[in-house]
Structure formats: structure tokens, C-alpha cells
Amino acid sequence: MDKDRILIVRCGEVALKGMNKPYFERMLTERIGKRLKASGFSADVKRHEGLIFVRYNHEINTDAIAGEISKVFGVASISPAVEAKSDMDDIGRVAVDFMNTLIAERGVKTFKVEAKRADKNFPIESPEIARITGAKVLVGCKVLKVDVHNPDVKLYVDLRHDGSFIYADKISGFGGLPLGTNGKGLVLLSGGIDSPVAAWMMAKRGMLIEAVHFHSYPYTSPRAQEKVEELARIVASYCGNFKMHVVNLLPIQEEIVKNCPEAETTIHVRRFMMRIAERIAAECNAMMLITGENLGQVASQTAEALVVTDASVNLPVMRPLIAMDKFDIMAKAQEIGTFETSIEPYEDCCTVFLPKHPTTKPKLSKIQESESKLDVEALIEKAFESREIIDIKA
Ligand code: ATP
Ligand code: MG
């Protein structure tokens, strides 16, 4: 069957990439194609003059295929469109058909036409193209009136040298950059609200993701881990399938509790998490660690604590949420669909052995001194060796 429907996909920041623009557009086209294939949509995806065109068959639900494309990072917006020849008669005819469909489907009563002439050789200028098309629509769709201030529908005419497009809706994407254009990062993924958002934000900038999750079984339950897997699957619905390394931190936590001052427990635990993550990152070629840490959120995220945590590793630690307010992070979690899962009440390994009065201003030298009582390298190696690796599939 012919692919008789078309979506116009606009590239976001990709469009600003100067000399590298073709590379980013190619990557984005590839990502859209792969995503549609993986979700079972049969479509042709081609880029042309700074836009990406997706052709599909009318048996495919337009909202479903556009919804899938809107989750691809790098996509700014999508418009279901109809095609016309680049002459005023054909544009008028197609616009009338298009508007009649909208009248039938949505009870549209008022409209306004906006025209853009990409082909500057076309003899009629944009305002005139809009005027002529509007007049034809008024004649062809008797129930319609023009309202230039607050129309039910804005009808766009995009006139190009090799054909024109007519559309009304712009479905927003998330923008960002195509996945795979910015290396790979290892995210420390907990069951909380923050870290899935942090992973999503880095992936949105084109970074491929792999994850590590720490538990303290049997103090934490298998259900707590299932919750994290569910969160990981939601993240994967944007950034593709990935591996999640699952590490039991309990033996290390017990060593810390036995050997170090109680008030320092959390900061030691966090330094170990970072080091184990760094060990895994070396193995999976991740260039950075990613956390959902946020300045001042809890005792382990004061400026001093973050500095002491950072000092445990050599890899750069990305904290995309560092300066966000909790309400904004929560709103983002809702927008990307992780919030409801994140607020399910399951224990996290960080809440096991939580000190009553945690240090909020740890000193590196003092923390290192306490740590010297532990065989840090051996503990890391053991945790690393005994990790489990799970395939996360969206
Ligand atoms: P929230 O703050 O919403 O409860 P959170 O995931 O941010 O959730 P924090 O205690 O603030 O939890 O932890 C700070 C960061 O440390 C997390 O964002 C995450 O990157 C990492 N982290 C915490 N606990 C774990 C864990 N069990 N496994 C992996 N990473 C973790
Ligand atoms: Mg947090």
C-alpha cells in the first residue's frame, strides 16, 4: 500500500549546528527511523532542506506515530501535513479539502492562513499567497469565517520549489540533540525522583546512558529494585535500551558502620558509590558519571559534601539538577512520566544505617583518615565483581 500520509519533523537545536548541521540531521533522521522500526511502524524517513519528512500509510494512527517521534531527542516539533503542487490552484484545492476534514473532525468555525515562501523564485509573495488561499477556503468551506486575532485554526502554507505543504497543528517535541552525538555516561540510578530526571536530561543532550543501582539486600526488598527497573524502563523509552549494573552495597556499609564515625556514614557510602560507579564506567566506556544530586537538598549534598564526594573519583561527575528547585524537578518528572513510580514508598540503600546527626560540612582530610581503616580497593573490587547486569528494555 502507498505511503499516503506525511509528517513534517522540525529539528531543534540541530538547526544551529553550522558546519556540522548535516551530521546532526543525519543522526536525527537515523534515530527517528530506528525508533519507528523498533516500535513496529512502517515509514519512510528522509531529510530534505533542513526538515525531516516521514511518510506512512493512512492505516497508521497519526497521533500514535507522531507521539513516538516526539520522544526522539532533537525533534522540536511535528506537523501532520498534506501535500500540494506549488501552484495556487492546487494549493487552494488541497487547502479546502484539508479544512473540510478539520470542520468535520473538530467543528472548526474560524481560521486564518499563514504562508511561508521558501522558494523565493515563486512569483507571488507570502502575504498574497495567504490571502488567495484564504479566499479559496472561504468559498470552498462555506461554514468558515476568517478571524485574524483568535482563530480556531491557523492554516499554514509552506511553499517550496518542489512541492508545498499545508498543515494546522504543531506537536511539540523535547528538543535537545540526537542520541549518540555526545558520548556515554553512567548514571547512578536510585528509586527517587531526581536521578531518572538527571539521566533523561543528559540523554536529551545526546548522551548515551548506562546505569548502576545500589541496594542493601536484605535490608532493601526485591520490590524496591523492581521499582528502579520500572523507572529505568521509562527512561529507556526515550533513550533506548541500556544495561543496568546492580550492586549490593551492604558489605561495604557494614564495614563503614563498624570502622568509621557514625556522623560520617552517608558521606563514606557516597564515596564508595562513586568509586564503584567509576570502576563500572571504565568497563563500559562511560566518560562521565551522572547523579541526581542537588545543591543543599540533604546533608550529603551541601557544597562541602559534594566536594568531598567528588574527590573520591577522577571521572567528571555531571549533576544536571544541581541548581534546580525541587518543585521544578518534580514537574519535570511528571512531564517525562517517572514521577508516579518514583513516589512509590520503597526503601533505598541510602536510608539504611542513616546517621542521626550527619555531618553537613565534612573535611576531606578527616574523611580520608577514617577511610584509611578500610581496605578501599578490595571492597570496591569485590562489589564490582559480584554485580549483576540487567538488560533494561523500554
Ligand atoms: P530523591 O532525592 O528524589 O529521594 P534521589 O535519587 O535524588 O531521590 P538522593 O538520596 O538525593 O536520592 O541521592 C542523590 C543521588 O545519589 C541520586 O540522585 C542518585 O544519583 C544517587 N543515588 C542515591 N541512591 C542510589 C542508589 N541506591 N543507587 C544508585 N544511585 C543512587
Ligand atoms: Mg535527591
Side-chain angles (χ1 to χ4, degrees), residues 185-203 209-217 219-232 234-235 242-250 252-253 265-281 286 288-302 305-306 308-310 312-313 315 317-322 324-334 336 338-355 358 360 383-384 387-388 390 392:
L186 181 70
V187 60
L188 285 77
L189 194 65
S190 71
I193 294 168
D194 301 334
S195 47
V197 175
W200 185 93
M201 285 175 72
M202 293 305 284
I209 296 296
E210 198 151 324
V212 53
H213 173 66
F214 300 97
H215 65 83
S216 314
Y217 186 78
Y219 287 85
T220 57
S221 65
R223 185 64 192 89
Q225 187 179 316
E226 280 164 29
K227 172 187 165 180
V228 178
E229 287 174 33
E230 175 58 22
L231 284 171
I234 300 172
V235 173
F242 59 84
K243 285 191 165 48
M244 184 161 84
H245 304 253
V246 179
V247 178
N248 188 346
L249 208 58
L250 187 59
I252 294 179
Q253 289 173 297
T265 310
T266 312
I267 200 83
H268 287 297
V269 169
R270 301 210 50 83
R271 282 166 60 88
F272 271 97
M273 281 185 173
M274 291 291 182
R275 289 180 177 120
I276 296 164
E278 186 173 56
R279 179 76 178 80
I280 294 169
M288 300 173 175
L289 304 179
I290 303 165
T291 77
E293 285 165 313
N294 172 250
L295 193 59
Q297 191 181 81
V298 286
S300 60
Q301 292 170 39
T302 61
L306 291 174
V308 172
T309 305
D310 253 11
S312 61
V313 287
L315 278 189
V317 181
M318 295 294 127
R319 299 178 167 100
L321 314 184
I322 193 72
M324 283 172 77
D325 286 348
K326 189 74 187 188
F327 287 117
D328 296 330
I329 302 171
M330 284 159 67
K332 197 79 211 166
Q334 253 149 356
I336 67 175
T338 51
F339 186 77
E340 295 303 327
T341 308
S342 286
I343 59 174
E344 285 174 19
Y346 292 100
E347 65 293 333
D348 182 71
C349 73
C350 283
T351 53
V352 178
F353 308 120
L354 201 64
T360 52
F384 173 78
R387 80 196 187 284
E388 213 191 310
I390 300 178
I392 301 293

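Counting starts at 1 for both ligands and their atoms, in listed order. Quick caveat, the model's predicted, so the values are computed rather than measured.
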Applying a heavy-atom cut-off of 4.0 Å, say which part of [X] lies close to ligand 1: side chain, backbone, both or neither.
X	value
Gln297	side chain
Val212	backbone
Lys326	side chain

State whether the shortest distance between N or O atoms of [X] and N or O atoms of ligand 1 falls below 3.5 angstrom.
X	result
Leu188	yes
Thr291	no
Ile290	no
Ile193	yes

Please compare [options] and report which has the shortest non-hydrogen distance to [atom].
atom	options	answer
atom 29 (C) of ligand 1	Val187, Leu249, Leu189	Leu189
atom 21 (C) of ligand 1	Glu293, Arg270, His245	Arg270
atom 6 (O) of ligand 1	Ala211, Gly192, Ser190	Ser190
atom 10 (O) of ligand 1	His215, Gln225, Met244, Gln301	Gln301
atom 18 (O) of ligand 1	Gly292, Ala299, Ser300	Gly292

Neighbour count >12 (heavy atoms, 6.0 Å) for atom OH, Tyr219
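It does not: Tyr219 OH has 12 such atoms or fewer within range.
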Rounded to the nearest 0.5 Å, what separation is found between the CE atom of Met288 and the CG atom of Leu315?
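Met288 CE to Leu315 CG: 9.0 Å, rounded to 0.5 Å.
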Considering only distance and modelled atom types, tabulate donor-acceptor pairs under 3.5 Å from the side chains of residues 267-275, sequence neighbours left out.
from	atom 1	to	atom 2	distance (Å)
His268	NE2	Glu264	OE1	2.8
Arg270	NE	Glu293	OE2	3.3
Arg270	NH2	Glu293	OE2	3.1
Arg271	NE	Glu371	OE2	2.7
Arg271	NH1	Val308	O	2.8
Arg271	NH2	Glu371	OE1	2.9
Arg275	NH1	Glu371	OE2	3.4
Arg275	NH2	Glu371	OE1	2.7

Say whether, by atom type as modelled, one donor and one acceptor occur between the side chain of Glu388 and the main chain of Val246 under 3.5 angstrom.
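No, Glu388 side chain to Val246 backbone: no donor-acceptor pair under 3.5 Å.
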If we ignore hydrogens and angles and just use 3.5 Å, is the side chain of Asn248 paired with the main-chain N or O of Leu250 as donor and acceptor?
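Here the side-chain-to-backbone pair exists.
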Can you tell me if Ser190 and Ser195 form a side-chain donor-acceptor pair at under 3.5 Å?
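Yes, Ser195 and Ser190 have a side-chain donor paired with an acceptor closer than 3.5 Å.
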Could you tell me if Gln225 and Thr220 have a donor-acceptor pair between their side chains, going purely by distance under 3.5 Å?
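Note: Thr220 and Gln225 side chains miss the donor-acceptor criterion.
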Between the side chains of Arg319 and Asp310, is the shortest nitrogen-to-carboxylate-oxygen separation below 4.0 Å, so that they form an ion pair?
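Salt bridge present between Asp310 and Arg319.
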